[in-house]
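It should be emphasised that the depicted structure is a prediction, and the values quoted were computed from it without experimental measurement.
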Amino acid sequence: MTARRPSAFLSSRRRLLAVAAVSLAAVLGVSSCSASGGGAGGGGEGGGPAGKGSATRTVTDIAGRVEVPAEPKRIVSVDFYSPATLVDLGVKPVGVVEGFDSDDPDLRPKRYHDALKDTATVGTYYELNTEAVAQQNPDMIFAETRFLRKGELKRLQGIAPVVQLDAAGIGAWKERTLMIGAAVGKSEEIEKQSAVFEKRADELKKKYADVLEKNRIAVFAYGQDQTTWGTYPAGHFYVPVWDAVGAKFRPFTEGEHKGVEGSVSEWLSLEQIGKLDNADILVYAYGAGDFVDKTLAKNTVWKNLPAVKNGMVFRNIPASVVSSFEWGTESLDALDGVLAEISEKAKA
């Protein structure tokens, strides 16, 4: 990635690539039995030895159809997202990317750290160690393939069936989560979790309809050296619960948009902080308190922004990069508190 990631967000994600929106539903295929460990059937790009002699099923991922074990026992996740969904479904992966040993509350809810902190690691999602993946002897691999380097997908497919994931665009993370549930044979459970999330989102959408409909928000963070800033638009992985409640985001101004839908804005200098004058509500990253209270507090342009002068500056929820429905429901509960603050201030 060419643009710098905000340290207030996830420092380990600094190389994240922005992509166009991809939205699709996960579909569970017709069950079949296979006595051999041959290549995946049904075409697509998720091939590899399926099941190693066990019964198999065919599922649909972003690349097409892929044959996977009917009851996978050794799952390796080489992406950031799938481990949380697996934990919520009572499935513990045998390998994950680095980072789950951190108990930073802005990375993920504590229960995922507790469940996965001792799990074997296989590198990072953007610098994968395929040898470490193979050492876990997986029978299924989850991968967000836009982050894989040249040749890595083929190497993974030679180890085990690969279920390919993506989650760019408004609500696309939900389709990814449903796909993960289908791939491990737990569609009914994941759909129940989805229903709970949607019900809670609808409750907040109605509860705060007035403030959400009348105001445009800017969710922003700082660059790694605190000399730049950027904002997240609808559909970005940093704002899924804001999307879920129907928040209206400020439009990018000239010079901000990278030309890729759903991508964070260009990282701009503090001298350009005045571009935030088209936001009624400013929401700063959970870990950006010092940046707001110390750095921006000295900036005259910042102090004269309409939202700042009106006292409409608020801290975002922690662990905002929702990776599962249960995580999302917990995030909505946290957002309820933020929206209550905003609503109270708007009435004053």
Side-chain angles (χ1 to χ4, degrees), residues 22-34 40-48 50-52 54-96 109 111-112 115-116 138-145 160-202 237 240-241 243-244 322-332:
V22 177
S23 181
L24 70 163
V27 181
L28 182 61
V30 178
S31 297
S32 62
C33 291
S34 173
E45 297 182 16
K52 301 180 181 178
S54 62
T56 61
R57 294 176 295 112
T58 299
V59 297
T60 300
D61 65 6
I62 65 169
R65 289 156 57 85
V66 54
E67 191 174 328
V68 300
E71 296 182 5
K73 303 296 184 184
R74 298 188 61 81
I75 298 172
V76 170
S77 295
V78 302
D79 67 302
F80 177 85
Y81 302 101
S82 62
T85 298
L86 293 174
V87 168
D88 290 346
L89 292 170
V91 178
K92 185 175 180 179
V94 297
V96 295
R111 66 178 178 278
Y112 301 114
L116 300 168
D139 55 9
M140 180 189 290
I141 298 170
F142 284 109
E144 191 167 3
T145 45
V162 178
V163 178
Q164 300 181 51
L165 309 171
D166 198 358
I170 298 175
W173 71 272
K174 302 177 189 177
E175 305 300 340
R176 177 199 66 220
T177 306
L178 290 169
M179 185 186 298
I180 294 167
V184 297
K186 293 182 178 289
S187 290
E188 184 176 350
E189 293 94 325
I190 203 68
E191 286 168 5
K192 288 179 180 178
Q193 293 175 11
S194 172
V196 172
F197 173 85
E198 296 296 348
K199 180 181 179 181
R200 184 67 173 126
D202 286 342
F237 58 75
V241 291
D243 283 333
V322 170
S323 298
S324 71
F325 289 120
E326 290 193 350
W327 180 337
T329 300
E330 183 175 319
S331 292
L332 286 172

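D79 and S82 are linked by a side-chain donor-acceptor pair at a separation below 3.5 angstrom, with hydrogens and angles left out of the test.
We find the CD-CG distance between E71 and D139 to be 10.5 Å, quoted to the nearest 0.5 Å. With values rounded to the nearest 0.5 angstrom, T60 atom OG1 is found 6.0 Å from R65 atom CZ. Note that CZ of F325 and OG of S331 are 13.0 Å apart. Values are rounded to the nearest 0.5 Å. Atom CE in M179 sits 9.0 Å away from atom CG in D166 (nearest 0.5 Å). Residue T85 holds its OG1 atom at 4.0 Å from CD1 of I180, rounded to the nearest 0.5 Å. Rounding to the nearest 0.5 Å gives a distance of 7.0 Å between CG of L332 and CZ of R200.
Inter-residue side-chain proximity for T177 and S194 is flagged as unmet; no heavy-atom pair is nearer than 4.5 Å. Residues M140 and V162 form no side-chain contact, since every pair of their non-hydrogen atoms from C-beta on lies 4.5 Å or further apart. When side chains are defined from C-beta on, F142 does not count as touching Y81, because their heavy atoms never get closer than 4.5 Å. Put simply, the side chain of I75 reaches to within 4.5 Å of the side chain of L86, judged on heavy atoms. Between V66 and V59 there is a side-chain heavy-atom pair separated by less than 4.5 Å. No side-chain heavy atom of L165 sits under 4.5 Å from any side-chain heavy atom of I62. The closest side-chain heavy-atom distance from P69 to K73 is not below 4.5 Å.
Judged as a side-chain contact (heavy atoms from CB on, under 4.5 Å), and not counting sequence neighbours, the contacts of A84 are Y112, S323, S324, W327. Applying the side-chain hydrogen bond (donor to acceptor under 3.5 Å, both in side chains) test to T145 and every residue at least two apart in sequence or in another chain returns Q164. E198 pairs by the salt bridge (Lys or Arg N to Asp or Glu O under 4.0 Å) definition with K174, not counting sequence neighbours.
Between E330 and R111 there is a salt bridge, since at least one side-chain N of the basic residue sits less than 4.0 Å from a carboxylate O of the acidic one.
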Going through the distances and angles, do E188 and K186 end up as a salt bridge (Lys or Arg N to Asp or Glu O under 4.0 Å)?
CA-CA 6 Å; E188 184 176 350; K186 293 182 178 289; over 6 Å; no
Between V163 and I141, is the side chain to side chain contact (heavy atoms under 4.5 Å, CB included) condition met? List the steps.
CA-CA 6 Å; V163 178; I141 298 170; over 6 Å; no
Could you check E67 against T56 for side chain to side chain donor-acceptor pair (under 3.5 Å), going step by step and ending with a plain yes or no?
CA-CA 6 Å; E67 191 174 328; T56 61; 2.7 Å; yes
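Across every non-hydrogen atom of L116 and P83, the tightest pair is CD1-CB, 3.6 Å. Scanning all heavy atoms of the two residues, the minimum distance from P138 to V76 falls at CB-CG2, 3.7 Å. In plain terms, the two heavy atoms of R57 and P72 that are nearest each other are NH2-CD, 4.4 Å. When all heavy atoms are compared, the tightest approach of E189 to L89 is CB-CD2, 3.7 Å.
Judged purely by atom type and a 3.5 angstrom limit, Q193 uses its side chain to pair as donor or acceptor with the backbone of D88.
Residues W173 and F80 keep their aromatic ring centres 6.0 Å or farther apart.
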